[in-house]
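This structure is a prediction, so every number in the text was calculated from the model and none was measured. Proteins get letters first, then strands, A, B, ... in listed order; numbering begins at 1 in each.
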Amino acid sequence: MTTTEFQDPQFGTILRFAMRARQANMFIVLVLALFVGLAFGAIMIIVTQPTLLTSWSHFFHHPGGTIASSFNTVWFAYEQLFQGAVVNFHALRMLIDDPSKANLGIVLGPLSATLTYATPLIVAGLGLAIGFRSSLFNIGGQGQVILGGVLALLVGFSFHMTPVLQVALEMLAAMAGGALLAGFAGVLKAYTGAHEVIVTMMSNYTMIAVLGYLLIQPLFARPGVLDGASKAVGVTGQLPYFFSRINSSLLLNFGFVIALVAVFGVQWFFDRSKTGFELLMVGQNPDAARVAGINSRRSIIICLAFAGCLLGLAGMLELTGVDHFVTPNFGGSYGFDAITVALLGRNKPWGVFFAAIFFGAMFSGGEAMQAFTPTNIQFSLADVIQAVVVFCVATPALLVEVFHLRGGARLVSNNNTGGWV
Amino acid sequence: MKLELRGITKRFGSLTANSNVSLVVNPGEIHCLLGENGAGKSTLMNILYGLITPDEGQILIDDEVVTIADPKDAVNHGIGMVHQHFMLIPVFSVADNVILGSEPVKPWPVIDYKAATTRLLELAKEYGFEIDDPNATVENLPIGAQQRVEILKALSHDASVLILDEPTAVLTPQETDAFMVILRSLKASGKSIIFITHKLREVLALADVITVMRLGEVVGVTTPAQTDERGLATMMVGRTVNFVVEKVPATPGDVVLEVRDLYVEDARGLTSVKNVSFEVRAGEILAVAGVQGNGQTELVEALTGMRHPSSGSIMLNDVNLAGQSVRHFLNAGVGHVPEDRQRYGLIPSLSISDNLVLDQLDDARFLRRFGRNLKAIKANGAKLRESFDIRSQSEEAPVGALSGGNQQKVVMARELSRELKILICSQPTRGLDVGSIEFMHRQIVDIRDSGVAVIIVSSELDEVVALGDRVAVLYDGEIQAIVPPTTSREEFGLLMAGAGAAKVTL
């Protein structure tokens, strides 16, 4: 593949840089993965636009025109994707020209939306990464998110205390709930050998059913409404917005700080703490851990409980930071997206952090793209790009092969997906 | 088929793994490639098998230059390789494993299992292999039989040159004998064999030609008639090697470990240690001899807390540890050098420093108020790397990248850096080269002289005799006798075959 085949000048430059480097390292792999994802997305845009397809069928009559119109469509779509995810150029220019008139909500809105969507995903991804680094495959993210959300909700609408206290209590309830649910799977694995994948996966269905049941109970259901929504968390139990005083459309909440703390916490846990090191030992070589006197049962339970604790927290952040009430679909695909986030972030805390933000960006950018492109390019395109990027990062061997990267074997063998086998 | 390597050079960064190596293997010859770990034997063979591309040099088959770009080329040229770690699929049958990659089909895509089995049995018959059941699952076979399957697999591709990478490292003495018979029959049928090893005795018994490598270069080509063990060892290491372990007579102190009426069951629930009683005193080495699989593994597991005995007592300084956790044993001062260091002793992906504190995470030296004291752990790694001469780029290098001898040094260094009452070493020098063996033996004798009780479990009689102050011979889970190391080899042989039940010396 040469750079001339590609139409996007910016990525052409980056690619040339990458090709010159040709050293297989994680940064290059990420850039190339993004490039492949966008290139794939470009093809998808072209083949799904009837007008473009027609012009390609007359390619030999107007080759220049065909390429130009395809390029313009793709470029505009990606421009919208970027503006929807990071910053609105138009509003930014206005802000620079005349700061007094500018609308900060429009300038910073996309970034705020990206980070808001990313917040629970960061925490959930960290939770799953903990398991994966210890070779435990926790599939029960969804159930743990639901339980965390439900318990936080219970605290949220039952009390009206000092905000700090109530939020702390919600966090505690959510974390304890997630930890108990996942820890239970840990106990079963440690003492009976029940495989954690089965147990945690079943716990998802259980929690979905529990949620459905609770939502028709008078205690939880919103009075007088039959839409399946729950009561809402009281004002004192909601996570405060950072910038809502500046502009009411900036909805980034305090949960992002909690997520950052969690990133530092998990980083410390694996780098510095004794328990974290023990989990790593058990995950990498359970036999050697046993010889070294590590109690592997204890490690399995601690590991899953800690993972569940973070997933419960993710549920609480979603509930108290965004919607403030639950519906039967609460938690949605967080539990599973988080698996992908952990994989994309290679189970490293900061990797998970940026992977979740990438997911958040594709989400809010995808919405903007669908809304602002003239032919309404579907939101699913963002999913496609996201999927291709994840695919490329998960299989560095592919990129190493296609782009003939040097030192690729090392990168492939260092593929830190312990526990994915 | 005549095989020749001419002027092979391979560099990895600044390291020259092979420097201008030349080698000729004639038809029907057993050619031993001898050298310490890291001498470049495996690199050379991986080049021959197409796994590594050389920087310089040629490969000639029957005096014609050939290119071997990948293992497929090698196989097509009649080169077969049996790796040290078998490349078999454990859950497949013997026949399945042998035909894997060249399945007979009739009609496509149906595999003709009948033809496969017939072919397998023909091959086995041709070379005098014993295959009891071609449909047996490979994972249920003993190691020796698995190795025969590997060899058959290579032969089924019409290999005329077989590369065997340390084939005897995993075999019991009996299996080794059977293996040698196979090699001779292969030779008789005109196959050439390249045999990589560092066991000098086997080399002298088998080889037609011996090529000795050191630091990536060929340092000599000789034959068994021209040399002896001492001569080979000197060539390998580059200096005179001390075969006799130098040690002063033991000065045994108080009883440290007293084992009484110990019974231990193995994973299948069979009693594999029966009625074992012995004691070990401070400052002496008790060696446990015996053919592999006579209860040594379970005995060591019981003595280190890995497996709870079904009855009996393990008194360490008058405290019964039987039934306690591994952590209890470690805290009580039991040091453990496990028999399979890669599986039980180390975590390959972690650094040397981290591996040096695996069982000392609770040690106050390596903890701070919050969490592990990384600085102290690194300093400890640097110190032990220096004093145990662990060859690596730094103490932060992953342990998996080290050679076997250096890995064993890491395990030994870790155990010796704790406060020990007793050190239990299982197969402490398995798979190590002469230089590393000498080093390990020195360490073991030194720790004995410092007043620690030592138990050595080894299936190498030479090692048992060299190290032990007293030797317990284990047969079928029972101690046949505890005898002095000066006992004759014949008598040891009889005891190891179970002839000593009636007679108890000492």
Under the side chain to side chain contact (heavy atoms under 4.5 Å, CB included) rule, what do A:Leu280 and B:Ile347 come out as? Steps first, then yes or no, please.
CA-CA 10 Å; A:Leu280 217 57; B:Ile347 298 182; over 6 Å; no

Quick one: does B:Arg327's side chain have a donor or acceptor within less than 3.5 Å of a partner on A:Asn295's backbone?
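Between the backbone of A:Asn295 and the side chain of B:Arg327 there is no qualifying donor-acceptor contact (under 3.5 Å).
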
Checking [X] against chain A: side chain, backbone, both or neither under 4.5 Å from a heavy atom?
{"X": "B:Phe366", "answer": "neither"}
{"X": "B:Gln342", "answer": "backbone"}
{"X": "B:Leu361", "answer": "both"}
{"X": "B:Arg341", "answer": "neither"}

What part of A:Asp271 gets within 4.5 angstrom of chain B, counting heavy atoms only: side chain, backbone, both, or neither?
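When you check distances to chain B, only backbone atoms of A:Asp271 fall under 4.5 Å.
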
Rounded to the nearest 0.5 Å, what's the gap from CG on B:Asp359 to CE on A:Met281? Could you check?
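That separation rounds to 8.0 Å.
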
Quick one: pull up CD in A:Glu278 and CG in B:Asp362 and give me the separation to the nearest 0.5 Å.
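With rounding to 0.5 Å, CD (A:Glu278) is 7.0 Å from CG (B:Asp362).
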
Between chain A and each of B:Leu367, B:Asp354, B:Ile377, count heavy-atom pairs under 4.5 Å; write down the option with the most.
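If we count pairs closer than 4.5 Å to chain A, B:Asp354 comes out on top.
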
Do other residues, nucleotides or ligands put more than 12 heavy atoms under 6.0 Å from the NE2 atom of B:His328?
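Open: at most 12 neighbouring heavy atoms sit under 6.0 Å from NE2 of B:His328.
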
Side-chain heavy atoms of B:Leu350 within contact of A:Asn285, under 4.5 Å
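Sidechains of A:Asn285 and B:Leu350: no contact.
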
Is the shortest side-chain heavy-atom distance between B:His336 and A:Val291 below 4.5 Å?
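Yes; the side chains approach each other to less than 4.5 Å.
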
Heavy-atom closest pair, residues A:Arg272 and B:Arg368
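Of all heavy-atom pairs spanning A:Arg272 and B:Arg368, the closest is NH1-NH2, 2.6 Å.
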
